[in-house]
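Worksheet: one structure, shown below.
Treat the numbers as computed from the prediction; the structure is a model and nothing was measured.
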Amino acid sequence: EWVNLSGNQLMLGELAYGDAIIEIRGRAGNGAYSSNVLSIPISVIRPWYNTSLAQAGAILLIALIGWLIQLQRTKRLANANLLLEQKVLERTKKINEQKVALEALDNTKTRFFTNLAHELRTPLTLINGPIQKVLNGDLSKEIERKLLLKADASGKQLLELVNELLDLARLEVGTLE
């Protein structure tokens with residue numbers, strides 16, 4: 001298709017990519033067209049960024065960047081998991097150490113109360129026995145007196161044990177003077 005131009009310039013824009021031929025025919029001052037046609041082959045080259053290879057490279061580059069980001073995130077998560085596992089192991093070890101200490105303390109407490117019960121039972125038995133004999137029988141005054149003195153001594157021993165127990169409680173609270 002022929003386009004009439006009014007000046008001496010030919011501006012080509014928005015041509016399709018690829019090879020084309022521009023044909024130019026002159027016109028005389030009287031308006032008659034020349035029979036000679038000047039053919040100029042031209043080649044419109046795609047810019048480098050608009051080629052299939054550049055687009056494939058861009059897609060690969062984006063995919064590589066995405067993969068590297070995912071790899072970095074995976075490494076960070078693995079490091080965070082490792083740190084968390086170390087903290088869990090440390091805290092578990094500490095809890096186990098505390099458990100062992102508490103079990104030892106519980107065993108000590110149990111032994112203490114068992115020993116205490118035995119220590120208190122002996123004076124109580126030595127108090128109750130003589131009192132029961134005095135209450136149950138016809139004993140001479142001298143035997144009754146000996147039994148009551150024995151009960152009195154055992155009562156004093158029991159009082160001393162109770163006082164020691166109270167001192168221990170005060171010492172634990174920090175009020176022993």
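- Note on I143: it does not cluster hydrophobically with L135, by side-chain heavy-atom contacts below 4.5 Å among ILVMFWY residues.
- Tracing side-chain contacts under 4.5 Å through hydrophobic residues (I, L, V, M, F, W, Y), one never reaches L159 starting from L116; they form parts of separate clusters.
- Using a 4.5 Å cut-off between side-chain heavy atoms of Ile, Leu, Val, Met, Phe, Trp and Tyr, with links allowed through other members, L166 and L168 fall into the same hydrophobic cluster.
- From I22, atom CD1 reaches atom CD1 of I40 across 6.0 Å, with rounding to the nearest 0.5 Å.
- Between E23 and V37, the shortest heavy-atom contact is CB-CG1, 3.6 Å.
- For the atom pair CD (E142) and CG (L147), the distance works out to 11.0 Å, reported to the nearest 0.5 Å.
- Counting non-hydrogen atoms of other residues, nucleotides and ligands closer than 6.0 Å to CD of E97 gives a total above 12.
- Once rounded to the nearest 0.5 Å, the distance linking CD of E144 with CD1 of I131 reads 12.0 Å.
- Between the side chain of N50 and the backbone N or O of R46, no donor-acceptor pair lies under 3.5 Å.
- Under the 4.5 Å side-chain criterion, counting only non-hydrogen atoms from C-beta, F112 is in contact with L165.
- Going from atom CG of L64 over to atom CG of L71 covers 10.0 Å, rounded to the nearest 0.5 Å.
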Checking side-chain contact (heavy atoms from CB on, under 4.5 Å) for the pair L105/K109: CA distance, chi angles, key distance, verdict? CA-CA 6 Å; L105 184 62; K109 181 186 74 162; 5.7 Å; no
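- Atom CG of D138 has 12 or fewer heavy atoms from other residues, nucleotides or ligands within 6.0 Å.
- Clustering ILVMFWY residues whenever any of their side-chain heavy atoms sit less than 4.5 angstrom apart, transitively, puts L60 in a cluster other than the one holding Y49.
- In this structure, OG on S43 lies 11.5 Å from CD1 on I21, to the nearest 0.5 angstrom.
- In this structure, CG on L84 lies 11.5 Å from CG on L77, to the nearest 0.5 angstrom.
- The backbone N or O of W48 sits less than 3.5 Å from a side-chain atom of T51, completing a donor-acceptor pair.
- Counting only heavy atoms from C-beta outward, the side chains of L161 and L120 approach each other to under 4.5 Å.
- For E160, the CD atom is loosely surrounded, since the number of other residues' heavy atoms within 6.0 Å does not exceed 12.
- Considering all non-hydrogen atoms of both residues, A151 and I127 come closest at O-CG1, 3.4 Å.
- L83 places a side-chain heavy atom less than 4.5 Å from the side chain of Q86.
- L139 and L148 fall within the same hydrophobic cluster, where Ile, Leu, Val, Met, Phe, Trp and Tyr residues are linked whenever their side-chain heavy atoms come under 4.5 Å apart, directly or through other members.
- Nearest approach of L158 to L124, heavy atoms of both residues: CD2-CD2, 3.5 Å.
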